[in-house]
Amino acid sequence: MQIAIAQINCVVGDLAGNAAKILSYAREAKAAGASLMLTPELALSGYSPQDLLLREDFTRHCQRELQALAKALPDITVVVGHPHRQHGRCYNAASVLQGGHIVSTYHKHALPNHSVFDEVRYFSPGHKAEVFEHQGVRCGVLICADVWESGPAKASKQAGAELLLVLNASPFHLEKQQQRYKVLGKRVEETGLPLIYTNMVGGQDELVFDGNSVVIDRCGAPVQQLPAFTEQLALVSIDLSAKNRANPLPAEIAPGLTREESAYQALTLCLRDYVQKNGFPGAVLGLSGGIDSALTLAIAVDALGADNVHAVMMASEFTADMSVDDARQMARQLGVKYTELPIKPLFDQFCETLAEPFAGTSFDTTEENLQARIRGTLLMALSNKFGSIVLTTGNKSEMAVGYSTLYGDMAGGFAVLKDISKTLVYRLARYRNTLSPVIPERIIIRPPSAELRHGQTDQDSLPPYDVLDAIMEAYVERDSSRQEIVAMGYREQDVARVLSLIDRNEYKRQQSPLGVRVTERGFGLDRRYPVVSRFVSKN
């Protein structure tokens, strides 16, 4: 028996488009000899529709598309993920389409309600196992979080399943695939059943789905692994002999990616999908001659193509000549449209206008932020005029401690590096240059600086980034206390300062644009902290 895995990129709300893609893949699978095809979780609606699920007209439309899809597929069995409204309740469902009809529907049991997941808000849990027979093999259906718990898989086996079919919209974060292997291995060990794990691929707002669909044999070993971050139709062969009843045969294992490769591909895919699915003609960004904007430009070109990216150097009196030279060199190497818009005349005019109210005061962060806001205004003007989305270039480290300017360098539509620490920025820049040397070496090795006043470097007022990032990761991503972080070996004054900056700048972080999630605790749906709070971590 041949089973097809449809590792597809779905668009939230594009019900007709998603149905057409499922139909196309099913016909291709049939032509290749498959008799059964699996789609990802909520493939028909895209994941996650969020509050669209509260609209009855949305779920009604989903049901109509599902019925039409079933009629269009009389000669291949397809398991489709979709939202299902029944008796006034909405379920995260998977339906078996067979012989032109919807023959059965499974309701997801385990509804995650943590990190980026909010399924309890939308769905009611299912309680029944769903097993259907296909060519003599009894197939149990599960959906995503169902395999992260023991109960649903055991219930499926008790209902007679010989093979587990798992539909997933499992979002990416670093090391996620290793976690999946451990979880899937446990379910196989508990049930003795092989499983086919089909995962969505593509970007949706801040989430990116990495694919990495996998087939696990009854011994718990992966025997087939699809590539990451790529749409693909793959066939799984099932051995129907008595000795190896319903056991997948060894096939091809896609090579694993390094941490840097995974992060870079996630950023590229999520940016591409955000721009293209929202219909933007391209992207514009400020190219400062620094490491963050350089990496953002490289990702933008890899995601969208050089013809669709506009880099703008907005030098001030504090911008070093080397910054302008490096920006020109990088824009030339990548072949993007490049514009220089000096901001000194505008800055001088603002200072002149503010001379009276500012009389008797000295140059401080006010004037520094003013430069950033002039740049933000220019980029937004270009965006308004030509339709391209503004990409902000700040990283997670800067965002965490407030080293970014509201309505300045934070102004834009998408924050590519929002969940990328400064130390990871450098590693990604090095990685990108192994593909082709597009980021000038001087950008990578020079001390980082916002260049908003003479002789400025980031380390004038911050700990070294390797220290800052370690403290930030412990506090933000692992919820460690100040005392626990100090016990890790960091100076108490550094820990206290970084934690204070993170807490004080929550109001600013919450006003930042969407950005790609790559860690287990990103700066989007994962982190829901109060802006008004007097809690201070001590113990």
Side-chain angles (χ1 to χ4, degrees), residues 115-116 171-176 203 205-208 259-260 262-268 270-271 274 285 288 290-296 298-300 372 391-406 408-432 448 450 458-459 461-480 485 490 494-495 497-529:
S115 63
V116 300
F172 168 81
H173 64 70
L174 294 168
E175 283 83 45
K176 183 67 172 284
D205 293 347
E206 70 188 57
L207 300 182
V208 57
R259 183 181 178 90
E260 288 74 25
S262 294
Y264 195 88
Q265 289 194 29
L267 295 170
T268 304
C270 200
L271 173 60
Y274 191 83
L285 70 150
S288 69
I291 186 71
D292 299 309
S293 63
L295 178 60
T296 303
I299 293 167
L391 304 180
T392 66
T393 59
N395 59 66
K396 188 173 188 176
S397 307
E398 295 169 346
M399 191 75 67
V401 297
Y403 274 54
S404 51
T405 304
L406 275 174
D409 54 320
M410 288 177 64
F414 199 70
V416 181
L417 306 181
K418 184 173 183 176
D419 199 26
I420 304 294
S421 68
K422 189 75 167 187
T423 49
L424 183 53
V425 166
Y426 281 102
R427 296 203 303 273
L428 291 178
R430 290 287 188 196
Y431 163 72
R432 179 58 184 83
D458 291 1
Q459 258 60 73
S461 53
L462 290 174
Y465 275 115
D466 58 343
V467 173
L468 188 154
D469 288 350
I471 295 171
M472 175 192 68
E473 180 180 341
Y475 188 60
V476 172
E477 298 179 22
R478 299 198 301 273
D479 292 321
S480 300
I485 300 171
Y490 298 103
D494 287 341
V495 174
R497 173 158 173 72
V498 172
L499 267 54
S500 175
L501 287 170
I502 291 173
D503 290 341
R504 291 206 322 260
N505 286 283
E506 181 64 22
Y507 80 99
K508 186 185 292 186
R509 184 193 69 80
Q510 290 195 22
Q511 296 183 66
S512 63
L514 286 172
V516 191
R517 174 187 186 260
V518 300
T519 69
E520 243 182 307
R521 183 71 69 83
F523 264 173
L525 294 173
D526 298 77
R527 184 172 170 85
R528 307 177 194 186
Y529 264 61

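This is a predicted model, so every value here is computed, not measured.
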Nearest heavy atoms of [X] and [Y], plus distance in Å:
{"X": "R528", "Y": "S115", "value": "NH2-O, 3.3 Å"}
{"X": "I299", "Y": "L271", "value": "CG2-CD2, 4.1 Å"}
{"X": "S397", "Y": "L468", "value": "CB-CD2, 3.9 Å"}
{"X": "A263", "Y": "F172", "value": "N-CZ, 4.4 Å"}
{"X": "V516", "Y": "A266", "value": "CG1-O, 4.0 Å"}

The test is side chain to side chain contact (heavy atoms under 4.5 Å, CB included); show your working for V518 and Y264 and say whether it passes.
CA-CA 10 Å; V518 300; Y264 195 88; over 6 Å; no
Output yes when a side-chain donor or acceptor of S500 lies under 3.5 Å from a complementary backbone atom of R497, and no otherwise.
no
Side-chain (D409) to main-chain (S404) donor-acceptor, under 3.5 angstrom:
no
Applying side chain to side chain donor-acceptor pair (under 3.5 Å) between D526 and each of R521, R517, H173, report the one that passes.
R517
Only residue of D292, D466, D469 satisfying side chain to side chain donor-acceptor pair (under 3.5 Å) with K422 is D292
Check this for me, if you would: do R259 and E175 make a salt bridge, where the nitrogen-to-carboxylate-oxygen distance has to be below 4.0 angstrom?
yes
Is the shortest distance from a Lys or Arg side-chain nitrogen in E506 or R527 to a carboxylate oxygen in the other one below 4.0 Å?
yes
Rounded distance [0.5 Å steps], [atom1] in [X] versus [atom2] in [Y]:
{"X": "M472", "Y": "R478", "atom1": "CE", "atom2": "CZ", "result": "10.5 Å"}
{"X": "D503", "Y": "Y475", "atom1": "CG", "atom2": "OH", "result": "3.5 Å"}
{"X": "L406", "Y": "K508", "atom1": "CG", "atom2": "NZ", "result": "5.5 Å"}
{"X": "Y403", "Y": "N395", "atom1": "OH", "atom2": "CG", "result": "13.0 Å"}
{"X": "D419", "Y": "F523", "atom1": "CG", "atom2": "CZ", "result": "8.0 Å"}
{"X": "M399", "Y": "I420", "atom1": "CE", "atom2": "CD1", "result": "12.0 Å"}

Taking the side chain as every heavy atom from C-beta outward, state whether [X] and [Y] have any atom pair closer than 4.5 Å.
{"X": "V425", "Y": "Y465", "result": "no"}
{"X": "Y431", "Y": "R427", "result": "no"}
{"X": "T519", "Y": "K396", "result": "yes"}
{"X": "P171", "Y": "K176", "result": "yes"}

Using a distance-only test with no angle check, is there a side-chain donor-acceptor pair under 3.5 angstrom linking T296 and T393?
no
Step-by-step side chain to side chain contact (heavy atoms under 4.5 Å, CB included) determination, L462 to L501:
CA-CA 10 Å; L462 290 174; L501 287 170; 4.0 Å; yes
